[in-house]
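Single-structure report; data block below.
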Protein chains: 2
Amino acid sequence: MMELTRKGEYAIRGIVYLAQQPAGKVSLISEIAQATEVPQTFLAKIFQSFAKLGLINSSRGTGGGFILGRPASSITLRQVVEAVEGPIMPNRCLLGTGSCERDGHCRVHPVWKTVQSHVVGILDGVTIEELASK
Amino acid sequence: MMELTRKGEYAIRGIVYLAQQPAGKVSLISEIAQATEVPQTFLAKIFQSFAKLGLINSSRGTGGGFILGRPASSITLRQVVEAVEGPIMPNRCLLGTGSCERDGHCRVHPVWKTVQSHVVGILDGVTIEELASK
DNA sequence: ACCTTTAAGACCAGTTTAGTCTTTTTATAA
DNA sequence: TTATAAAAAGACTAAACTGGTCTTAAAGGT
Ligand code: SF4
Ligand code: SF4
């Protein structure tokens, strides 16, 4: 239960690799894919999601590639995971009112809410900078 | 991310219903399915998993049905969820050594371990008795 | 015998996962 | 201005998983 998909795992590996590069260095997707042992075309998709959210900046053409969009210390593990896997949501009823007609009197509902806030708290407490340090 | 499946949701509803019945009362799968708004044949499968683990007792024939296998206070939400969804496992590398060759130096690994232990702790801290009280 | 009830397992449509492949766009360099 | 380099976009796919259904078998009661 609650397993991270390959996409999430690869996403973390990819952005951590970026954070480990010297400041200002632009990395090619081919280079990142090889270093992180992730299929290149799949990683490219993942990085597109990051770029849309501003987590990384991309540039095309000769000398192009990827670079962190903001300091590694301001990117949390939660942001990376949610960028590719969607919000952390242990049960459907946490989305909003009306998603389950039982949620008024349901005793299980608050348990899932607790789980959600704990997991969010843990992942928000870890930055990519911390993960990148060796 | 981390969403409980229908099977897990239905499993909880079903066993909580059983716990809400008067002591000694045997419930039919048709009755439970109707009360919990779960497809009957699907719920039957779920209850088979419970029976194998001893969480509930089943008997066939006239007068048969399902009854809790042990006190609701000694069944935790974790046991119920894991019975149908498998172990709580945020990432593959938590299964055992060797599942990821990076786990020695990996900084992400301990984060998933923390997530796992928190979620397990929360779900183990909730009994079906608590969920069944009205 | 006959009826009731769960057990077991085959089956299935739809969705998601984990990618691949091709074409297009943008940027640099000769 | 042409060639080259690189990411972006999107179509496509096989395999697995989800959320069930259906049929037959087994066990128990009358
Ligand atoms: S029954 Fe309770 S836990 Fe289940 S979806 Fe509804 S509100 Fe959430
Ligand atoms: S978190 Fe680290 S140890 Fe776990 S699968 Fe990812 S790289 Fe491997």
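Side chains are part of it too, since the values below use all heavy atoms of this structure and drop only hydrogens, waters and symmetry mates. Values in this document were obtained by computation on a predicted structure and should not be read as measured data. Numbered from 1 within each chain, the chains take letters A, B, ... in sequence-line order.
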Fill in the blank from the handout: Exactly one of A/Leu53, A/Leu123, A/Ile88 clears side chain to side chain contact (heavy atoms under 4.5 Å, CB included) with A/Glu82, and that residue is A/Ile88
Handout entry: Approximate separation, where rounding is to 0.5 Å, of A/Ile122 CD1 and B/His118 NE2
Key = 4.0 Å
Fill in the blank from the handout: B/Phe47 meets the ring pair (Phe, Tyr, Trp, His ring centres under 6.0 Å) criterion, sequence neighbours left out, with B/Phe50, B/Phe66
Problem - side-chain N/O A/Tyr10 vs C/dA18 OP1/OP2, d < 4.0 Å - result: no
Practice task
Inspect the surroundings of CD in B/Gln34 and state if more than 12 heavy atoms from other residues, nucleotides or ligands are less than 6.0 Å away.
Solution key: no
Practice task
To the nearest Å, give me how far apart CG (B/Leu4) and C1' (D/dT18) are.
Solution key: 13 Å
Problem - Between C/dA7 (C1') and B/Phe50 (CZ): distance, integer Å - result: 16 Å
Handout entry: Atom-pair distance (CZ on A/Arg6; P on D/dC17), nearest Å
Key = 11 Å
Problem - Protein-nucleotide distance (B/Met1, atom CE; C/dT16, atom C1'), rounded to Å - result: 16 Å
Handout entry: Atom-to-atom span, CD1 of B/Ile32 to C1' of C/dT6 - whole angstrom
Key = 11 Å
Fill in the blank from the handout: B/Glu37 CD to D/dG20 C1', in whole Å, measures 17 Å
Completion exercise
B/Ile46 atom CD1 is separated from D/dT21 atom C1', nearest whole Å, by 14 Å
Completion exercise
Of the candidates D/dG19, C/dG19, D/dA5, the side chain of B/Phe42 sits closest to D/dG19
Practice task
Whole angstrom is fine here: how far is it from CG in B/Leu43 over to C1' in C/dT6?
Solution key: 12 Å
Handout entry: A/Val16 reachable from A/Val26 in the ILVMFWY side-chain graph, under 4.5 Å edges
Key = no
Any N/O pairs under 3.5 Å between the protein and nucleotides 7-9 of chain D? List them or say none.
from, atom 1, to, atom 2, distance (Å)
D/dA7, OP1, A/Ile29, N, 2.9
D/dA8, OP1, A/Ser58, OG, 2.6
D/dA8, O4', A/Arg60, NH1, 2.9

Exercise for the section: Taking atom types as modelled, find out whether B/Asn91 and A/Glu9 have a side-chain donor-acceptor pair closer than 3.5 angstrom. Expected result: yes
Problem - Phosphate-side-chain proximity, A/Thr41 and C/dT20, N/O vs OP1/OP2 below 4.0 Å - result: yes
Completion exercise
Ranking C/dC3, D/dC22, C/dA29 by distance to the side chain of A/Thr62, first place goes to C/dA29
Practice task
Report the C-alpha distance between A/Glu31 and A/Lys25 in whole Å, list the side-chain angles of each, state the deciding distance to 0.1 Å, and finish with yes or no for salt bridge (charged side-chain N to carboxylate O under 4.0 Å, His left out).
Solution key: CA-CA 12 Å; A/Glu31 168 199 337; A/Lys25 191 207 157 193; 2.6 Å; yes
